[in-house]
Structure formats: structure tokens, C-alpha cells
Amino acid sequence: MQAFLILKTVVFQHIVIIAVHSIIMYSRYTKHTLQFSRPSGTSRGVLKTKDSWYLILKSSPDDIKYGIGECSIIEGLNPENSSELDEKFDKLCQMINESDPVSNDFFSHHPSVRFAYEMAIRDLDTGGAKILYDNNFVKGKGIPINGLIWMGTKDYMLDQVSAKLGQGYQCLKLKVAAIDFNQELDILRSIRDTYFSGDLEIRLDANGGWSPQDAVDKLNQLSEFSVHSIEQPIRQGQWEEMAEIVKQSPIPVALDEELIGVENLKKREVLLDTIKPHYIIIKPSLLGGFSASKEWIQLANDRNIKWWITSALESNIGLNAIAQWTASLDKTMHYQGLGTGQLFDNNIPSPLQISDAHLHYAEAMDWQLDFIAP
């Protein structure tokens, strides 16, 4: 039986409703643990492994065509608790296999599960070939990306900077707020001694690692290095404190973690109107999929807030979907944060390739999805 799927978004009285009409007779999921090639430091600690759950949808158990969606979890960042996700996917697959309706409420506080569901439906609807959005990206046009510099010792971070610059990156994103602040200043000073702001864009990401009392002083010191932006200088949930930092900061402020878990449209509007950030970071797997991400983008556009897209350490399955979706948008920023696919030793082999500081889809390359056994 051939699947018939229609995915559409209906906006009614400022409530976004995802209506999915489909003939899905069979679903299941599988799990994969990604191994970092090198432990990667953030202000929340060092990442060595990361789990992903994959939802597989078919029109029948024997159908060779399937859609796949990824639920990617970063402990301490996702609203989801990884210990409950097997049970959550068991329930979701049971509902699908028994033709029970899956309501929006089922995904409350589970944005990555919603993203996997939405991605799998989109993949099945478009033929199951991992071409979710048929645009210039899948035809060979690359997406400009930033080079990601992980936290570590000063020498380690400078080595990463040197390597990325040698690969042609013109935008670097540095994780800060974990090592000694004076060393972070030294790293930026070393970069700017050689590369001026017209040659190299520097974005910083504090992952909420500073206190409200210290943030503005640190930002004043960082401003001498012509920094493009600072993501999440303080921990999320402190709206009034963040709003004051935005007012005082000499560096434009971008919201990242602040958006996670804000599922109500009115609350999203209040958040943006209270903090008035310069930028927001769109991470579809952490915001609840493409439909929720589009809502954030519309709210930002209405307020003249610029934005860019960032992956959240998904495997190539999720990264591919995000990259294709990104290429379909009328973007407000040149560089996107989509260079995370090379971080893992055991990523899913795919057509995704990075060259000349761009993410490319190499049509001649095949997907290797052996872990999706019938």
C-alpha cells in the first residue's frame, strides 16, 4: 500500500496546529549512541557520547520505503529525560500501530520527540529518500557555516582556531565561560592580532555560564575584539536580568537556551518583547520541529530580530533534514551553525560533506542505513 500523507500547518487565533493526515500502518524505533571523536567541552561539562533515537514509519511492515526521524538528546539541555524516552517511543509506536490519534499534547515537554515524528512523516511523504526539501542544497549548492571551537585549554583552542582558519572559515564560533576568563581574552587577542573583523567574524557562546552580576563587565572586556555576538551570556529563565544585559551590552546578544521549553505562543511573544534580543538561535530539534521553529522565525521577523539556524549535535540523519529545511528559508544571516556532523567517530555515512567552509549534499554519495534493519 502506498502511503498518502499531507502535512500542513494551520494558524487559528494565534495557535499553531499541525494537522497530519496519513496512512501509516507500521512504526518502530531504534537507538544509536554517537561517540565523540574527541571529548567536547561546554560550560555544562565534557561530552563523550550522545544518544539518538530514530523513529521509522512505513505504510506497511513489508514496505521497503520508510521515513526516518531523529530525536537527539543532550543531557542537561533537552527538556526530555533520556531515561524516559524508550517508554515514550514505545507509547508513540503503539499509538501509531493501533491507529490511535497522536495529539499535540503528547509531545508537550518533548520537543525532540516531536521533531523526530515531524521529520519521519516528511521523509515518508517525500518518498523516503532523505530528500525532505527538494531545493538547491540537495542539487549541490553549499550552505556557508561557522567553524565551531570547543572549550579546552588555551593551546587546544588556539590549535582548533588555526585548523579552522586553514580550512577557509571566515566565521568562528567559540565556546566560552568554562576556562579562565583571562585565557579566553588571550585567545581572542591572539586571533585579532592576525585577523581583523573585516576578515573574520567571531561569535561567542557562553551557554549561560556567567552570572548576571559579572556578565556586563565580561562583555565590556570582550568588546575590544570586535565580537559579532554573544549567545546566552547567563542561564535561561532570568528574563529581567537578561533584558538589562541586552540594554547594557556593547556586544549584540543572541538567545539560545532561553527559547527551549517555551511552548506557548503568548509566552514566546512576551519573552521576545521583554528581553528584546538582537538575535535568536533556531534549533529545530530543541524547539519542537520545523513548525515550531517557523513560528519563532515569524515572531522574530515581526520584531526585526535576526536569526540563524544551528544543529544540536544530531547525527547526519537530523543534520540532513535541518540543512535542507534551512536552504528553503529566506535567511537573515549568512553563516549557519551546521558543521557538527564531523564530531563523531560513528556518524551515519551520508551524502553530507564539508568543504571550503560550506556544508554540501553530494548527490553521488549514498546513505548507509544498515542499522535500520527490517
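Fair warning: this is a prediction, and the values are worked out from it, not measured in the lab.
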Considering residues, nucleotides and ligands other than [X], do more than 12 of their heavy atoms fall under 6.0 Å from its [atom1]?
X	atom1	result
His109	NE2	no
Lys306	NZ	no
Arg235	CZ	no
Arg303	CZ	yes
Lys31	NZ	yes
Glu240	CD	no

Do the side chains of [X] and [Y] get close enough for a salt bridge, i.e. N-O under 4.0 angstrom?
X	Y	result
Asp205	Lys175	yes
Glu269	Lys267	no
Glu363	Lys139	no
Arg122	Asp125	no
Glu184	Lys154	no

For Phe225, is there any backbone N or O sitting under 3.5 Å from a side-chain donor or acceptor partner on Arg192?
yes

Do Ser315 side-chain atoms and Asn347 backbone N/O form a donor-acceptor pair below 3.5 Å? no

Give a yes or no on whether the ring-centroid distance for [X] and [Y] is below 6.0 angstrom.
X	Y	value
Phe344	Phe36	yes
Phe290	Phe115	yes
Trp307	Tyr279	no

Would you call [X] and [Y] a side-chain contact if the rule is heavy atoms closer than 4.5 Å?
X	Y	result
Pro351	Asp366	no
Trp367	Asn320	yes
Leu174	Leu188	yes

Applying side chain to side chain donor-acceptor pair (under 3.5 Å) to Ser82 and not counting sequence neighbours gives Glu75

